[in-house]
Amino acid sequence: MRLKLVPSDTNWDFFKFSHVSLGASALAMVVSIVLVFTMGLNFGIDFKGGTTIRTESSQPVDVGAYRQAISALDLGDVSITEVFDPSFGPEKNVAQIRIQAQGDTESVTPETIAALEEALTGIDPSITFPSVESVGPKVSGELVQSAAIAVSLSILAMLVYIWLRFEWQFGLGAVVALIHDVTLTMGIFAGLQLRFDLAIIAALLTIVGYSVNDTVVVFDRVRENLRKFKKMDLKDVLNLSINETLSRTTMTSFTTILALIALIVLGGDVIRGFVFAMTWGIIVGTYSSIFVASNILLMLGVKRDWSKDGDGGAGTQFAKAEG
Amino acid sequence: MLDFALWKRATVWGLVLLGLLFAAPNVFYSRVEGHNDALKAIETQGATPELIASRDGWPGWLPSGLVNLGLDLRGGAHLLAEVQVEDVFADRMDALWPDVRDALRAVRDQVGPIRRIEGTPGLLQVRLSEPEGMAAALEAVRALARPIVSLTGVGASDIEVSGEGAVLTVQLSEPEKQATIDRTLRQSLEIVRRRIDEVGTREPTIQRQGEDRILIEVPGIGSADELKALIGTTARLTFNPVVSRTTNPNEAPGASNVLLPSMDEKGTYYIIEKTPVVSGEDLTDAQPAFDQNGAPSVTFRFNPSGARKFGQYTAENVGSPFAIVLDDEVISAPVIREAIPSGSGQITGNFSVEESTNLAVLLRAGALPAELTFLEERTIGPQLGADSIEAGKIASAAAFLLVLGFMWASYGLFGLFANVALIVNIGLIFGLLSLIGATLTLPGIAGIVLTIGMAVDANVLVFERIREELKTAKGPARAIELGYQRALSAILDANITTFLTAVILFVMGSGPVRGFAVTLAIGIVTSVFAAIYVTRLMIVMWMERRRPKTIVL
């Protein structure tokens, strides 16, 4: 007997509650945007400039004492967070200290770091500093810009690619779905005030890739079924296609999430934010490729007669070249 | 039917074997690393029994390329420095001033007395007493311009001269600025490289980034501060005539002189002539040494032209002091006792042994053409890197087992085929990473784990399709064939889109993010190969041997 995540011959109507799902998606996007603008993203030093120092000690982290020691140095905005990980054990107490950017362009002076390390060693002699990272405001401004360009560029690339391979309606559907995914991911980062840095941008781009990947598989089947069932109602074609690919969609999402869960639990705290973004994005991406992209496609309508298209132009299948 | 030409089979298995062969060194990471290091050491220092032993720890005929570990995994320091090219522009203008002055003096009858307006760095501005003479002044100064020899700036001249009212402005022309930036960056790169090589750390990355930046990554160094101390010093050494000595930091130095602090005596200042007699560029060697009192010092030697200039100057100025100036601080200002024709000398100051050694390194490597400011710096301790690797290994293993188990439970025998392909896939990723000498970073490890999850996608697409085709097709062979054929377009579309985002990530990203993009892109290519060819070949071979009437998927 085989393990099956969904029954093999489903015939579910994915559009029965389409107003509910679309409404929920729209609401979630609005909430995300509001969260991003009201609470703001908790930008890491990559985007805001400043210095983060990781401390490690055999004694428990006393955030208050750390703060007191550092505030004497007059470094402006300081945030101290204790870091937890199942692998640490009682002998390993880790904290992350962040101080704001000190100058206009440069990262940080050796004197500032030395003074800070001295102040902390004063209250806890066993303390060590496994990493010190500092980014000057000049670079961080540029990083924000290039990150925004990267995300927009990838969305644009997806739009153009799908437009070329399918039809513009498909491209638009896929792109709305992935804007949905990116927005929701940024929303949860704002809502939970998780640190948003360069690695998260990498995660966002991966989500873009994954979301489109998922959507394209469904669309590919839609195109095939449109050729096969020329008279069938578009809604039924979409439903049939989603049902046929449902087993694959859930399988792939499930294996990917299995791998990501392993990484969240065992991969250490340094990349946890990155992996969290990815996991969330894949859950949202799987949902959106079924409920958002297809709904958009249904609303836009598509060209029905694919047969005249011949072998050239849009809709050419790679499969033909392969034989 | 399911034909798979013999040459295709051979190619697939060959590629798989080749990939695994290239991946193999990574399994024995420290041993291969020792082998590679020993090879290099034997080449430069000659063989010792220990070196030979570590060289022989890995057979020489096997590939020995390793995946480079990024700074976040190995520990080390990362710096992004900006070269202050504006300083060079300003220096050029200062150097041009005497010529401009002389040129304008020659037309004094038309322009009247002139005065330089200080203030804007990079601009040489002169106020003429008689604005009517501007045309003559422009002509005189423009005569100083020289044509530039460069690929882009053919026919252009090196300076731009303009006049407005009574003020004449000279500045570097745009093509000359570009050429200067290029030259300055190349020199800076070379000097930073030399300085880092002098200390002999392994595999540093030193590369230009953007127009005026240098990215420096040195694995294994204790902290970014250490690295900054080494490369952040301009190390411009000059020998200047001393005008006077004072304790007033605000004393006016007078025209073409400059007031500089003493390095050792707090509160002492020297007024020296701006134009040096000899500079560090004329040095051929510098070595740490001890003076006659046993204090650490640095001995140096000039090249012939430097020696001649120095000899001449010392002969003419016996009895007066001259200043040894390093980066705008006077190290010492000894009195010239006699002419020094030999072209060698000794710098003494309040040095520690370490300082004198460092100074000698800096002087030998040459001065930076411009100051560096540091925009970004990161120090990662080796322990943190090791912890990350350890966590990454455990997480990958867990992800691997989970996915393997799940695939087997879902697809049975075909799942096992897919699992073999997955293992091959991971091997191929490491093989390719080693082959192209890519750098594995922490996000890169996450990328591999993600690939473990997503790599099965292509197989899942095919298997699901075969399941569907089994319902209608005649016989299992036909179903498998159709399954592969019809799933192909979805597989390609899905992976090309992901590949596109990986490319964008690579182009726009830097450092660890780039590492992630590389592993993601390689993972996509290998997983498609593994699914389309490796799994398929295994299925075909199994079908040929068993010839099943029905298959259960």
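The chains referred to below are lettered A, B, ... by the order of the sequence lines, with proteins before strands, and numbering in each begins at 1. Basis for what follows: all heavy atoms, side chains included, without hydrogens, waters or symmetry-related copies.
- In this structure, chain A has heavy atoms under 4.5 Å from both the backbone and the side chain of B:Glu377.
- The part of B:Leu80 that comes within reach of chain A is its side chain, from C-beta onward, which places non-hydrogen atoms under 4.5 angstrom from that chain.
- No other option in A:Met158, A:Arg54, A:Arg248 has as many heavy-atom pairs under 4.5 Å with chain B as A:Arg248.
- Residue B:Phe529 qualifies as enclosed at atom CZ: its count of foreign heavy atoms under 6.0 Å is above 12.
- Contact of A:Glu142 with chain B is made through the side chain alone, with heavy-atom distances under 4.5 Å.
- Proximity of a side-chain donor or acceptor of B:Arg514 to a complementary backbone N or O of B:Phe506 within less than 3.5 Å is detected.
- A:Asn213 and B:Thr497 share no donor-acceptor pair across their side chains, judged by distance under 3.5 Å alone.
- Side-chain atoms of A:Thr245 come within 3.5 Å of backbone atoms of A:Ser241 as a donor-acceptor pair (strictly under, hydrogens ignored).
- Of the listed residues B:Gly381, B:Gly75, B:Ala395, the one with more heavy-atom pairs under 4.5 angstrom with chain A than any other is B:Ala395.
- Looking at A:Phe219, there are no atoms closer than 4.5 Å to chain B (heavy atoms on both sides), in backbone or side chain.
- Heavy atoms of B:Lys471 lying under 4.5 Å from chain A belong exclusively to its side chain.
- Neither the backbone nor the side chain of A:Ile261 comes within less than 4.5 Å of any heavy atom in chain B.
- Geometrically, B:Arg536 engages B:Tyr484 in a cation-pi contact defined by less than 6.0 Å to the ring centre and at most 45° from the axis.
- Of all the listed residues (A:Ile113, A:Ile45, A:Ile201, A:Thr206), the one sharing the greatest number of non-hydrogen pairs under 4.5 Å with chain B is A:Thr206.
- Ranked by heavy-atom pairs shorter than 4.5 Å toward chain B, the options A:Ala202, A:Ser253, A:Gly268 are led by A:Ala202.
- In this structure, A:Ser289 contributes its side chain and A:Thr286 its backbone to a donor-acceptor pair below 3.5 Å.
- In this structure, B:Ile445 and B:Ile448 have side chains that are not in contact, with every pair of non-hydrogen atoms separated by 4.5 Å or more.
- Using a 4.5 Å cut-off between heavy atoms, A:Ser87 makes no contact with chain B at all.
- The parts of B:Tyr411 that come within reach of chain A are both its backbone and its side chain, each placing non-hydrogen atoms under 4.5 angstrom from that chain.
- If you tally non-hydrogen atom pairs under 4.5 Å between each of B:Glu464, B:Arg467, B:Lys228 and chain A, the highest count goes to B:Glu464.
- Annotation: side chain of B:Thr373 is not in contact with side chain of A:Lys138 (no heavy-atom distance under 4.5 Å).
- Listed here is the closest heavy atom pair of B:Thr535 and B:Ala421: OG1-CB, 3.3 Å.
- The contact between B:Asp457 and chain A is made by backbone and side chain atoms together, counting heavy-atom distances below 4.5 Å.
- Contacts of B:Asn459 with chain A are absent, with no heavy-atom separation under 4.5 Å from either backbone or side chain.
- If you measure heavy-atom distances from A:Ile264 to chain B, you find no contacts under 4.5 Å at all.
- When each of A:Ala262, A:Gly49, A:Ser134 is scored by its heavy-atom pairs under 4.5 Å with chain B, the top score falls to A:Ser134.
- Classification of the A:Phe196-A:Phe47 ring pair by plane angle, with boundaries at 30° and 60°, yields tilted.
- With a threshold of 4.5 angstrom between heavy atoms, B:Glu376 approaches chain A through its backbone and through its side chain.
- Note: B:Leu442 leads B:Val403, B:Ile452, B:Leu442, B:Leu500 in heavy-atom pairs under 4.5 Å with chain A.
- Within a 6.0 Å radius of NZ in B:Lys393, other residues, nucleotides and ligands contribute 12 heavy atoms or fewer.
- Only the side chain of B:Val456 comes within contact range of chain A, with heavy atoms under 4.5 Å apart.
- Remark: side-chain polar atoms of B:Thr379 are paired, donor with acceptor, to backbone N or O of B:Ala224 under 3.5 angstrom.
- Contact between B:Phe516 and B:Thr519 at its shortest, heavy atoms only, is O-OG1, 2.9 Å.
- In terms of heavy-atom pairs under 4.5 Å with chain B, the best-connected choice from A:Thr128, A:Ile155, A:Val216, A:Val208 is A:Val216.
- Top candidate by heavy-atom pairs under 4.5 Å with chain A, chosen from B:Ser410, B:Ala517, B:Ala490, B:Pro443, is B:Ser410.
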